[in-house]
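Right, one structure below, let's go through it.
The residues of the chain are indexed from 1 along the displayed sequence.
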Amino acid sequence: MTESILAITGPTSGIGRGAVKALVNDFDRMLLLARNLEKGEVLKEELLELNPDLHVDLIECDLSVLASVRQAADTIKSRFDHIDCLVNNAGMVSTSKEKSADGYELMMATNYLGPFLLTHELLPLVMNSERKQVIVVSSEAYKFAPMKRPFFKPKRFSPVAGYGRSKLGTLYLAQELHEFYSHKGLKTTAVHPGMVSTNIGKNNVSQSVGTFVFRVLTPFFKTLDEGAQSIVSAVQQPEKYAGCYSDEGRIAAVKQYGSDFKMRREFIDATLEELDLESL
């Protein structure tokens, strides 16, 4: 029997942490792609307490840095020949204009470019598995703003539009995967977990804007477990959610900018050119 393997980004906090704990008995091995290895070690011990038979591997990966993504992918490819399920979960919010190490707007780099590159690098392993599943954590924020050039290094910064476009990008990624690989057995799901009370963005906000935003929105937040359940449901029911957009566990139609095929094609082509790739 082939070992079942889950790979997930952003597992040490928020809904990623909740998801891996809920899935601790669903896989033989978990690959935790984490920026903070100390937090990763703590999580590893917690997972082994829940399931002593689970194999847990920590892989250092900073999604905002393309070299780190490539190194993480190389490490995984050198150790494993398949991945049953890849969960692109990690994300961040910033209310101030920041650049990644590669010079990209930080939210677009972390939420989209890094996950796109990681998916490209690991897709052969996913396709080499029996399960063949990719989960992309998107957001209803994809409705906030249309995609606009320059895609990756905008001249003007808006935290709402910037976050929305990065999440629109992840939705385009999921759609692209489904369109080009579903006939080969790949089951892709874009997940909107709802407004979840996590630490996302709290270290990247200005005092005035950040305090106001989090104070106003807190009463509407879901708990971590509630948010994680959207990921868990998609992972555990790959056939049900294949090719779908999961809105807090409910299959929903993609609206507004998410259904703009012409822009998706333009944006994906620009991504491939930017990352020097021939195809996803």
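The minimum heavy-atom distance between Asp26 and Ser4, with the atom names listed, is O-OG, 4.1 Å. The two residues Val93 and Tyr163 make their nearest non-hydrogen contact at CG2-CE1, 3.6 Å. Contact detail for Pro115 and Asn111: the closest heavy-atom pair is CG-O, 3.4 Å. Shortest non-hydrogen contact noted between Ala19 and Ile231 is CB-CG2, 4.1 Å.
Counting non-hydrogen atoms of other residues, nucleotides and ligands closer than 6.0 Å to NZ of Lys39 gives a total of 12 or fewer. Heavy atoms from other residues, nucleotides or ligands lying under 6.0 Å from NZ of Lys77 number more than 12.
To the nearest 0.5 Å, atom CD of residue Glu273 and atom CD1 of residue Ile268 are 13.5 Å apart. For the atom pair CG of Leu125 and NZ of Lys132, the computed distance is 12.0 Å after rounding to the nearest 0.5 Å.
Side-chain contact between Leu186 and Gln133: absent, with no pair of heavy atoms (C-beta onward) separated by less than 4.5 Å. The closest side-chain heavy-atom distance from Glu46 to Leu50 is not below 4.5 Å. Proximity of Val20 to Ile8: side-chain heavy atoms (C-beta onward) are separated by under 4.5 Å at one or more points. Side-chain contact between Thr188 and Gln175: absent, with no pair of heavy atoms (C-beta onward) separated by less than 4.5 Å. The side-chain heavy atoms of Val191 and Val87, taken from C-beta on, include no pair separated by under 4.5 Å. Counting only heavy atoms from C-beta outward, the side chains of Asp57 and Arg29 approach each other to under 4.5 Å. Residues Pro238 and Arg131 are in side-chain contact: their nearest non-hydrogen atoms beyond the backbone lie under 4.5 Å apart. Taking the side chain as every heavy atom from C-beta outward, Met92 and Leu106 approach each other to under 4.5 Å.
Checked by atom type and distance alone, the side chain of His120 pairs as donor or acceptor with a backbone atom of Leu280 at under 3.5 Å. Listed for the Thr9 side chain is a donor-acceptor partner under 3.5 Å among the backbone atoms of Asn89. No donor-acceptor pair under 3.5 Å is formed between the side chain of His178 and the backbone N or O of Lys187. At least one donor-acceptor pair closer than 3.5 Å links the side chain of Asn36 to the backbone N or O of Glu38. His82 contributes a side-chain N or O that, together with a main-chain N or O of Glu3, makes up a donor-acceptor pair within less than 3.5 Å.
For Arg35, there are no salt bridge (charged side-chain N to carboxylate O under 4.0 Å, His left out) partners, not counting sequence neighbours. A search for side-chain contact (heavy atoms from CB on, under 4.5 Å) contacts involving Thr170 returns Val136, Ser138, Lys167, not counting sequence neighbours. Shown here are the side-chain contact (heavy atoms from CB on, under 4.5 Å) partners of Thr271, two or more places apart in sequence or in another chain: Tyr112, Leu113, Phe116, Phe152, Phe267, Leu275. A search for side-chain contact (heavy atoms from CB on, under 4.5 Å) contacts involving Glu41 returns Lys44, Leu58, not counting sequence neighbours. With sequence neighbours left out, Ser158 forms a side-chain contact (heavy atoms from CB on, under 4.5 Å) with Val160, Ala161.
The six-membered or imidazole ring of Tyr142 lies near that of Tyr245, with a centre-to-centre distance under 6.0 Å.
Look at Asp74 and Arg70 and you find no salt bridge, because none of the NZ, NE, NH1 or NH2 atoms lies under 4.0 Å from a carboxylate O. By the 4.0 Å N-to-carboxylate-O rule, Arg149 lies close enough to Glu266 to be salt-bridged with it. Classification of Arg264 and Glu179 as a salt-bridged pair holds, one side-chain N sitting under 4.0 Å from a carboxylate O. Electrostatic pairing of Glu105 and Lys99 does not count as a salt bridge here, judged by no charged N lying under 4.0 Å from a carboxylate O.
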When the side chains of residues 251-263 are checked against the rest of the protein, which donor-acceptor pairs come out under 3.5 Å, sequence neighbours left out?
{"unit_1": "Ser259", "atom_1": "OG", "unit_2": "Gln256", "atom_2": "O", "d": "2.9"}
{"unit_1": "Asp260", "atom_1": "OD1", "unit_2": "Lys262", "atom_2": "N", "d": "3.4"}
{"unit_1": "Asp260", "atom_1": "OD1", "unit_2": "Met263", "atom_2": "N", "d": "3.0"}

